[in-house]
Protein chains: 2
Amino acid sequence: MSPPLPRDPIADAQRNWESHGWSDVAAPMAAITAIMRTQQILLARIEGVLKPFGLTFARYELLALLSFARSGALPMNKASALLQVHPTSVTNAVDRLQTAGLVVRSPHPTDGRTTLIELTAEGRTLAKRATAVLNAEVFGQSGFGEEDVNQLIRILGDFRRGAGDFTG
Amino acid sequence: MSPPLPRDPIADAQRNWESHGWSDVAAPMAAITAIMRTQQILLARIEGVLKPFGLTFARYELLALLSFARSGALPMNKASALLQVHPTSVTNAVDRLQTAGLVVRSPHPTDGRTTLIELTAEGRTLAKRATAVLNAEVFGQSGFGEEDVNQLIRILGDFRRGAGDFTG
DNA sequence: GCAATATACTAGGACATCCAACGGTTTGGA
DNA sequence: TCCAAACCGTTGGATGTCCTAGTATATTGC
């Protein structure tokens, strides 16, 4: 990776915003930009860990979701809703997971429009192994302090509720 | 957009982690997943605002960066480092901005390897207009409380420093 | 019962990101 | 001095995301 910058580019941007008369929105701008950059860093770590398994984060999320479903199967639209991604993204992920033999498509017993995604035995095993490594190498070494983790969960939970992700 | 879910899927995932004996990493997992989702929501808002300008967030970031440079010009590699993205992403963005007449490439006066990106008059004007709308519609209505914004800046700043983004 | 509407999934296209590899330029040590 | 190593930007390929449109199946209303 590239060497660290001598200065925080986001803090610089915040100062630029303030010196241009946008002080009222400089802080939110900095917070939002920091979220963007943090996501990029975390995604790179996760993908690095998953690569040896032939998985990407999108595919892993789907595998993990299926592994927690009672029957190990979910309708495509349900998966799309729970993962909060576009239906076509699920189609894409399922295509690749199916090619890899980790899931199979099967028709819904009563609704002809719906397709069920079902975990195969290999899919379940791989999900388990990938989760173990992810827990050890990423989530277990996140770099966030314990109290900061709680703050993030609370702040981002409030935000997501306000954005209409969920109710309650 | 899709209707809100009855339950927070990330909180559910956290409970799943805990019930599978991974309590020690359940909270960081939830925090990281929440960052992923929050980034997605914010990016969608930003892109929605920028679309009428024919800009994406990646292109806007480059325009904004150039508009804050003293001379209105920056070497490609400098832009890549400050935006913290891969050089090929900058090449891609510059290609499109140049086609749109918002920037031009020019050779570096002393280093034949380096290419300078220069803002055109239209580029500077568009950056100004896009920033005004972004400030009003996104940063000014972020949905984060004032104190939460400060918390985010602090927490994510610590994280980014720890991840090697910058020193100091 | 049948037409109109709604829902589910997929195909094709645009865009961004990264990585690997390549050709041109500069730098630094033998 | 001169060549190897480092550096810079671009091209080509893979992946993911979204949007629009199209096909098939369900549901609703008259």
Interface limits on DNA chain C, where chain A has a heavy atom under 4.0 Å of a nucleotide atom: C/dT7 to C/dC18

Before giving the answer on side-chain contact (heavy atoms from CB on, under 4.5 Å), spell out for B/Thr131 and A/His20 the whole-Å C-alpha distance, their side-chain angles and the decisive distance to 0.1 Å. CA-CA 11 Å; B/Thr131 297; A/His20 278 72; over 6 Å; no

Taking C-beta and beyond as the side chain, do A/Phe144 and A/Gln151 meet within less than 4.5 Å on heavy atoms? no

Test item: A/Asp8 and B/Asp165 side chains (from C-beta on) under 4.5 Å apart, heavy atoms: no

Exactly one candidate in B/Pro107, B/Pro75, B/Pro109 meets side-chain contact (heavy atoms from CB on, under 4.5 Å) with B/Thr114; the answer is B/Pro75

Please list, in numerical order, the residues of residues 59-81 of chain B that have a heavy atom closer than 4.0 Å to any atom of DNA chain C. B/Arg59

In residues 105-119 of chain A, which residues come under 4.0 Å of DNA chain C by heavy atom? A/Arg105, A/Arg113, A/Thr114, A/Thr115

If I compare all heavy atoms of [X] with all of [Y], which pair ends up nearest, and what's the gap?
X        : Y        : answer
B/Gly101 : B/Thr120 : O-OG1, 2.8 Å
A/Val103 : A/Leu66  : CG1-CD1, 3.8 Å
B/Met36  : A/Leu43  : CE-N, 3.7 Å
B/Ala30  : A/Ile153 : CB-CD1, 4.0 Å

Output the residues of residues 38-56 of chain B in contact with DNA chain D, where contact means a heavy atom of the residue under 4.0 Å from an atom of the strand; sort by number or write none. B/Gln40

Nucleic acid contacts - residues 82-99 of chain A versus DNA chain D, non-hydrogen atoms under 4.0 Å: A/Val85, A/His86, A/Thr88, A/Ser89, A/Asn92, A/Arg96

side-chain contact (heavy atoms from CB on, under 4.5 Å) between A/Val85 and B/Gln40: does it pass, once the steps are laid out? CA-CA 9 Å; A/Val85 295; B/Gln40 187 183 21; 3.8 Å; yes

Begin with the C-alpha distance, continue with both residues' side-chain angles, and end with the deciding distance and a verdict on side-chain contact (heavy atoms from CB on, under 4.5 Å) for B/Gln84 and A/Leu5. CA-CA 10 Å; B/Gln84 321 243 207; A/Leu5 293 167; 3.9 Å; yes

Does A/Arg105 come within less than 4.0 Å of A/Asp95, counting only side-chain N to carboxylate O? yes

Whether the side chain of A/Ser67 engages the backbone of A/Ala64 through a donor-acceptor N/O pair (distance < 3.5 Å, no angle test) should be reported. yes

Evaluate side-chain contact (heavy atoms from CB on, under 4.5 Å) for B/Lys51 paired with B/Glu47, printing each intermediate quantity in order. CA-CA 6 Å; B/Lys51 188 158 196 149; B/Glu47 302 255 299; over 6 Å; no

Test of understanding: with salt bridge (charged side-chain N to carboxylate O under 4.0 Å, His left out), list the residues that count as partners of A/Asp12, not counting sequence neighbours. A/Arg7, A/Arg15

Side-chain H-bond candidate by donor/acceptor type, A/Asn150 with A/Arg154, under 3.5 Å: no

